[in-house]
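Computed from a predicted model, the values in this text were never measured in an experiment. Note: hydrogens, waters and symmetry copies are ignored here, and every other heavy atom, side chains too, is used.
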Amino acid sequence: MSSYVGVLVSDPWLQSQFTQVELRTLKSKFVSNKTQLERFTVGDLPPVFAKLKAFNGTIDEDEIKSVLDKSYSNADEEVDFETFLRAYLSVQARGVEKTGGSKGSSSFLKTSTTTVHHAINESEKASYVSHVNNYLRDDPFLKSYLPIDPATNAFFDLVKDGVLLCKLINVAVPGTIDERAINTKKTLNPWERNENLTLGLNSAKAIGCTVVNIGTQDIAEGRPYLVLGLISQIIKIQLLADLNFTKTPSLFQLVDDTQDAEELMGLAPEKVLLKWMNFHLKKAGYEKQVTNFSTDVKDGEAYAYLLNALAPEHSTHVALDTKDPTERAKKVLEQAEKLDCKRYLSPKDIVDGSANLNLVFVAQIFQNRNGLTVDSSKTSFAEMMTDDVETSREERCFRLWINSLGTATYVNNVFEDLRNGWVLLEVLDKVSPGSVNWKHANKPPIKMPFKKVENCNEVVKIGKELRFSLVNVAGNDIVQGNKKLLLALLWQLMRYTMLQLLKNLRSHSQGKEITDADILNWANRKVKRGGRTSQAESFRDKNLSSGMFFLELLSAVEPRVVNWSLVTNGETEEDKKLNATYIISVARKLGCSIFLLPEDIIEVNQKMMLILAASIMYWSLQQQSDTESNVSEDATDEGDASSVAGEITNMSIDGGSESSPTSQDQELLTKAGKDEDEVDGENNKDA
């Protein structure tokens, strides 16, 4: 594990332009084409690049050829890997220039880690370091390392062992990580460090971060732009946590009717923040509309109006009367400090229109003084829009799972964002590559309702081809936002994905499907062979609520991962919750990408129990696949020294040699657990 160093390039600058995930993806693409062609030349590059998802829809083959013709006079020049990378950067730069500097979704959660230019923003760095110093200064382990000096690179060094990352995630969403699972020692060995980073990345996905292009190796190397991109997402999730109807029911004051309320529910948090800001600005007499956190706020006027409206006791016209934007920004920050808003940005950041820092600033104002009151006339909205607890948990799980796939569209609300069918088609294309005929799909924004129905009809058609249970289901049911139907469809998608992962892990499966019963049988046998006594009758077995079965299963697949001194007997509700929280963190630490909550284990949610067991099974079999050339300990224990197929011989799968899982599969499930498997599945699929 610790000997893995990733893809290396002789030119340090060129190396710095890519993440390890991107390098592995492009290396695979390069090797594939070089193998297929007798000579891989510059002239062969346009069709190769045109198929990459990074350029799909932004720059066509002819434009790529035009870009390369300017850089390479000889199209017959043979291409080595570094030439391939430089050509990629040239085409990428042209694509970004053509789209105005944007690479896709406007959501900060989608763009923070896909930046093209790898220079870091020192103001943002100082702001995030200040945030870490403020929120983690009393942490028992980290306080000896804090405060961090933002003028140095100490921050990037401190994040390398994963402890700070895990602790910050718990600040953003308390209880996400059981801190008993974090390896906290002055000096960690490579295995322990990798466990922390794996736990951190899987947990970051579990709170809604986009980490498709980040691997544990990248964080271990302390790559500044990747570290800041991830930390930025975590901090924003923390500061925007209250921008929903569950946490802040008074947000209904921003809408006039049920339709507006539904639209508000489907907005990204930063869009809700803008709507809140404009609500108060309009009441304060500000005539302009703020549409972004950059150019629209850089003169400081909107802030002056907003603070006067929210805190009339500190109201002053000094800021508004000040003509110089920098001086006005200073007055604004002084007034904000009276509301206990920490000064994480400077007047220059406001004047320069720093979008990230201005967003953080407005989010802090909202947290400290949102100026909203509970309107009794609109309580019916709140009652109507509030889902039951189980529905909310399932929506959360599926939303996070979809976003972890690396789809182009970031989902903020499953019940709203999936109604046009486009995201569901993206998910289907991820879990079953090639199943979607994009010529039949209608791309958002979609104004005509029948176009949405067409997309959703295509979703139902593909679902039936994948043998999903969709009896009497039509596309219009999805468009209408039938919650029960949507959750049922998403569950089948998630289950299908997991079963395909397990099936594809074995080339000798000969098309035979793996069933829920096979997973249960594997788990029971694994626990028994580990010398433990727990057995599960089904994934509805109420005894699973104690957590003992899954702890014994985790210990069976990796004996060192469970610290039994931390485990309770699981008899009381409190003990069950302690065990459940520990199970989730240990599984993520091992490398499982899971999105369940402790309550799912305590209440024995059958669906989540299946996914948890299947994730552990996948990880275990993957490790055996990686070590098949040597006789694995498991195979020896099971009396099958010639093949590790003994793990699943009782699952109606014939014996034989194994194959590694496809890169697409690795992206979908176990990306964070093993750096060498963290490949951008979409690009690599083309290879």
Side-chain angles (χ1 to χ4, degrees), residues 401 405 427-428 430-433 435 462-469 488-529 535-541 544 549-550 553-554 556-557 587 590-596 605-626 628 632 634-635 638 640 643-670 673 677 681:
W401 173 68
L405 302 181
V427 173
L428 282 164
K430 283 285 186 181
V431 303
S432 181
S435 63
I462 297 170
K464 289 179 178 178
E465 291 171 355
L466 298 177
R467 296 194 288 183
F468 291 177
S469 177
L489 173 60
L490 289 171
W491 161 242
Q492 292 184 80
L493 274 167
M494 179 184 274
R495 178 178 175 275
Y496 171 84
T497 303
M498 182 59 69
L499 296 182
Q500 288 300 114
L501 288 170
L502 291 168
K503 178 183 174 182
N504 291 344
L505 194 58
R506 299 274 172 153
S507 62
H508 56 266
S509 64
Q510 298 181 354
K512 295 179 181 178
E513 302 296 330
I514 292 177
T515 67
D516 299 3
D518 294 328
I519 297 169
L520 181 67
N521 291 336
W522 173 87
N524 279 326
R525 287 197 313 275
K526 196 71 179 173
V527 169
K528 185 176 180 180
R529 287 168 182 149
Q535 293 288 279
E537 293 183 2
S538 70
F539 290 119
R540 295 190 300 269
D541 190 336
L544 294 177
F549 178 79
F550 284 109
L553 178 58
L554 286 164
V557 300
L590 200 62
C592 299
S593 182
I594 50 178
F595 304 96
L596 74 167
N605 181 318
Q606 181 185 0
K607 298 173 184 176
M608 295 302 107
M609 296 302 91
L610 169 63
I611 293 299
L612 176 57
S615 298
I616 298 170
M617 178 182 178
Y618 181 80
W619 184 88
S620 177
L621 295 181
Q622 190 182 41
Q623 306 316 298
Q624 294 183 31
S625 179
D626 290 342
E628 187 183 10
S632 72
D634 282 343
E638 292 164 22
D640 184 2
S643 171
V644 296
E647 276 293 343
I648 55 174
T649 51
N650 294 326
M651 292 164 48
S652 302
I653 297 180
D654 299 335
S657 61
E658 297 176 319
S659 67
S660 299
T662 65
S663 58
Q664 176 76 14
D665 295 333
Q666 292 161 342
E667 177 190 354
L668 296 182
L669 182 69
T670 59
D677 290 337

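Heavy atoms from other residues, nucleotides or ligands lying under 6.0 Å from CD of Glu465 number more than 12.
Remark: Asn605 CG to Leu610 CG distance equals 10.5 Å, nearest 0.5 Å. One finds the CE atom of Met498 at 15.5 Å from the NZ atom of Lys503 (value rounded to the nearest 0.5 Å). The OG atom of Ser615 sits 9.0 Å away from atom CD1 of Ile519, with the distance rounded to the nearest 0.5 Å. The distance from the CG atom of Leu502 to the CD atom of Glu513 is 11.0 Å, given to the nearest 0.5 Å. Here Asp516 contributes atom CG and Met609 contributes atom CE; the two are 13.5 Å apart, rounded to the nearest 0.5 Å. Distance NZ/Lys607 to CD1/Ile611: 10.5 Å, rounded to 0.5 Å.
The heavy-atom pair separating Leu490 from Trp401 by the smallest distance is O-CZ3, 4.4 Å. For Ser432 against Ser435, the heavy-atom pair with the smallest separation is O-OG, 2.8 Å. Of all non-hydrogen atoms in Ala613 and Trp522, the two that sit nearest each other are O-CZ3, 4.3 Å. Annotation for Val557 and Lys526: closest pair CG1-CE, 3.8 Å, computed over non-hydrogen atoms. For the residue pair Leu466 and Tyr496, the shortest heavy atom distance occurs at CD2-OH, 3.6 Å. Nearest heavy-atom pair, Ala523 versus Phe549, reported as atom, atom and distance to 0.1 Å: CB-CZ, 3.8 Å.
Listed by chain and residue number, Asn524, Val527, Lys528 satisfy the side chain to side chain contact (heavy atoms under 4.5 Å, CB included) test with Gln535 (two or more places apart in sequence, or in another chain). Listed by chain and residue number, nothing satisfies the salt bridge (Lys or Arg N to Asp or Glu O under 4.0 Å) test with Arg540 (two or more places apart in sequence, or in another chain). Residues that satisfy the ring pair (Phe, Tyr, Trp, His ring centres under 6.0 Å) test with Phe539, not counting sequence neighbours, are absent from this structure.
Within the 3.5 Å criterion, the main-chain N or O of Ile616 finds no donor-acceptor partner in the side chain of Ser620. Within the 3.5 Å criterion, the main-chain N or O of Ser469 finds a donor-acceptor partner in the side chain of Gln492. With hydrogens and angles disregarded, a donor-acceptor distance shorter than 3.5 Å links the side chain of Thr497 to the backbone of Leu493. Of the possible polar contacts, one joining the Thr515 side chain to the Asp518 backbone as a donor-acceptor pair under 3.5 Å is found. Without hydrogens or angle criteria, Trp619 side chain to Leu590 main chain gives a donor-acceptor distance under 3.5 Å.
With hydrogens and angles left out, the side-chain atoms of Asp541 and Ser538 include no donor and acceptor closer than 3.5 Å.
The closest side-chain heavy-atom distance from Trp491 to Arg495 is below 4.5 Å.
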